[in-house]
A.B. asks: 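Quick one: the structure is below, questions incoming.
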Number of protein chains: 2
Amino acid sequence: MATPLPLLPTAVECCAPLTEAPLTPEQADALARRLKALADPVRLRLVSILLASPDQEACTCDLVGPLGLTQPTVSHHLKKLAEAGIVTGERRGVWTHYRVSTEAISALLAMLSPLR
Amino acid sequence: MATPLPLLPTAVECCAPLTEAPLTPEQADALARRLKALADPVRLRLVSILLASPDQEACTCDLVGPLGLTQPTVSHHLKKLAEAGIVTGERRGVWTHYRVSTEAISALLAMLSPLR
DNA sequence: TGGATACATCGACATCCGTCGATACGAGTA
DNA sequence: TACTCGTATCGACGGATGTCGATGTATCCA
């Protein structure tokens, strides 16, 4: 299920001065942590599959087949994404339905856009 | 100096249908490769230091001190960024001046924004 | 209560990655 | 040519990561 993390708490503070003053090591660590969660082909496909699914959500069992990986491996990647706040899992009976947190993606893009 | 890579050639084709159809493994690999280059605290600081520098560029020698790492390690990270097309290096006499490729950053953001 | 199903966790393995010291390369200079 | 300085590369090391099979956990149903 994985423990959710705070949602980019330093997003606002860091964005404006990003092109003026360098990132602090702490800011860089926080941003890198989020990016690392997305910077994996399997997890990118996971996110895109979730977004392309009906109601933009899916259970683990629906993700194993399209990815061509074992169920433990898919669970591992979902946990990584959940820890980064990129997806959220909700238990409904036997199934865990995962959904992309668009807020987290937006916050990530907001931190990245000043680099452009 | 590092060999520059093609600049996200599949950016346009993949963006539109990203929320409708899942990424192919090849698209996911290409995107993940770029993201991995950025998903490192040292490299994020490198990019931000370059952007905050006069004329938005700096030589390797100017980057070693602020990062607190050895010169070979800084060169290693600059090579990674250059391979991903995120920075470009230009040799001027003894110095190599590095600069952030805003086009690469924009292309990356363009591929990511449909996830929002 | 027992069994079946969906999911998470564990342990192990191979590979990748960040870091360093040592060294090689290359341009400028005397 | 020889020397110096800035940079890139090499080799090695420790730690992180992706993957799997095996196992544990929780829910539903008969």
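Protein chains get the first letters and strands the later ones, always in sequence-line order, with residue 1 at the start of each.
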A.B. asks: Test your reading of the model: is there a side-chain donor-acceptor pair from A:K80 to the backbone of A:A37, 3.5 Å cut-off?
C.D. replies: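 Judged by distance alone, no pair lies under 3.5 Å.
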A.B. asks: Choose from D:dT7, C:dC7, C:dA6 the nucleotide whose nearest atom is closest to any side-chain atom of A:V94.
C.D. replies: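 The listed nucleotide nearest to A:V94's side chain is C:dA6.
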A.B. asks: Out of C:dC7, D:dC20, D:dT17, which has the shortest distance to the side chain of A:T96?
C.D. replies: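 Nearest to the side-chain atoms of A:T96, counting from C-beta on, is C:dC7.
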A.B. asks: Could you state the CG-P distance from B:D40 to C:dC16, rounded to the nearest angstrom?
C.D. replies: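 In whole Å, C:dC16 P and B:D40 CG are 18 Å from each other.
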A.B. asks: Tell me which of A:R92 and A:A39 sits closer to the 5' end of DNA chain D, going by the nucleotide each one is nearest to.
C.D. replies: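 Nearer the 5' end of the strand: A:A39.
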A.B. asks: Between C:dC7, C:dG18, C:dA22, which nucleotide gets closest to the side-chain atoms of B:P72?
C.D. replies: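 Out of C:dC7, C:dG18, C:dA22, the nucleotide with an atom closest to B:P72's side chain is C:dA22.
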A.B. asks: Is the distance from OP1 or OP2 of D:dG6 to the nearest side-chain N or O of B:Y98 less than 4.0 Å?
C.D. replies: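 Answer no for this pair, as no side-chain N or O of B:Y98 is under 4.0 Å from OP1 or OP2.
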A.B. asks: Please tell me which of A:K36 and A:S75 maps to the more 5' nucleotide of DNA chain C, matching each residue to the nucleotide holding its nearest heavy atom.
C.D. replies: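 Final value for this comparison: A:S75.
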A.B. asks: Can you check the B:R33 CZ to D:dG18 P distance for me, whole Å?
C.D. replies: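 Atom-to-atom, B:R33 to D:dG18, this comes out as 17 Å.
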A.B. asks: Spell out, as yes or no, whether a donor-acceptor pair under 3.5 Å connects the side chain of A:D55 to the backbone of A:E57.
C.D. replies: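 Answer holds: no.
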A.B. asks: Using the test side-chain hydrogen bond (donor to acceptor under 3.5 Å, both in side chains), find all partners of B:T102 that sit at least two apart in sequence or belong to another chain.
C.D. replies: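 Once residues adjacent in sequence are excluded, B:T102 has no partner under the side-chain hydrogen bond (donor to acceptor under 3.5 Å, both in side chains) criterion.
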A.B. asks: Using whole Å, what does the distance between atom P of nucleotide D:dT7 and atom CZ of B:R91 come to?
C.D. replies: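 Atom-to-atom, B:R91 to D:dT7, this comes out as 7 Å.
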A.B. asks: Within the modelled atom types, does a donor on one side and an acceptor on the other bring the side chain of B:Q71 and the base of D:dA8 under 3.5 Å apart?
C.D. replies: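 Yes.
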A.B. asks: Look at the side chain of B:C61 and decide which nucleotide, out of C:dC20, D:dT7, C:dC7, has an atom nearest to it.
C.D. replies: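 Between C:dC20, D:dT7, C:dC7, the one nearest the side chain of B:C61 would be D:dT7.
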A.B. asks: Tell me: NZ of A:K79 to P of D:dT17, nearest whole Å?
C.D. replies: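 Distance, rounded to whole Å: 12 Å.
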A.B. asks: Within this structure, what is the NE2-to-P distance between B:H76 and D:dG6, rounded to whole angstrom?
C.D. replies: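 B:H76 atom NE2 is separated from D:dG6 atom P by 23 Å.
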A.B. asks: Tell me the interatomic distance from A:E83, atom CD, to D:dA16, atom P, rounded to whole angstroms.
C.D. replies: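 About 14 Å, once rounded to whole Å.
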A.B. asks: Rounded to the nearest 0.5 Å, what separation is found between the CG atom of A:L67 and the OG1 atom of A:T73?
C.D. replies: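 Taking CG in A:L67 and OG1 in A:T73, the distance rounds to 10.0 Å.
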A.B. asks: Of all the choices, D:dC20, D:dT9, C:dA8, which nucleotide is nearest to the side chain of A:T70 once you look at every atom?
C.D. replies: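 Comparing D:dC20, D:dT9, C:dA8 against the side chain of A:T70, the answer is D:dC20.
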A.B. asks: Can you tell me if the side-chain N/O atoms of B:T73 get under 4.0 Å from OP1 or OP2 in C:dC20?
C.D. replies: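 Answer is yes, contact under 4.0 Å.
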A.B. asks: Using whole Å, report how far CG of B:L67 lies from P of D:dT7.
C.D. replies: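 It works out to 13 Å between those atoms.
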A.B. asks: Could you measure the distance from the CD1 atom of A:I86 to the CG atom of A:L50? Nearest 0.5 Å is fine.
C.D. replies: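 Answer for the CD1-CG pair, A:I86 versus A:L50, is 11.5 Å.
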A.B. asks: Please classify the nucleic acid contact of A:R43 as base, sugar-phosphate, or nothing, using heavy-atom distances under 4.0 Å.
C.D. replies: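 It contacts sugar-phosphate atoms only.
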A.B. asks: Calculate the interatomic distance between B:H77 atom NE2 and C:dC20 atom P; express it in whole Å.
C.D. replies: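 Taking atom P of C:dC20 as the reference, NE2 of B:H77 is at 8 Å.
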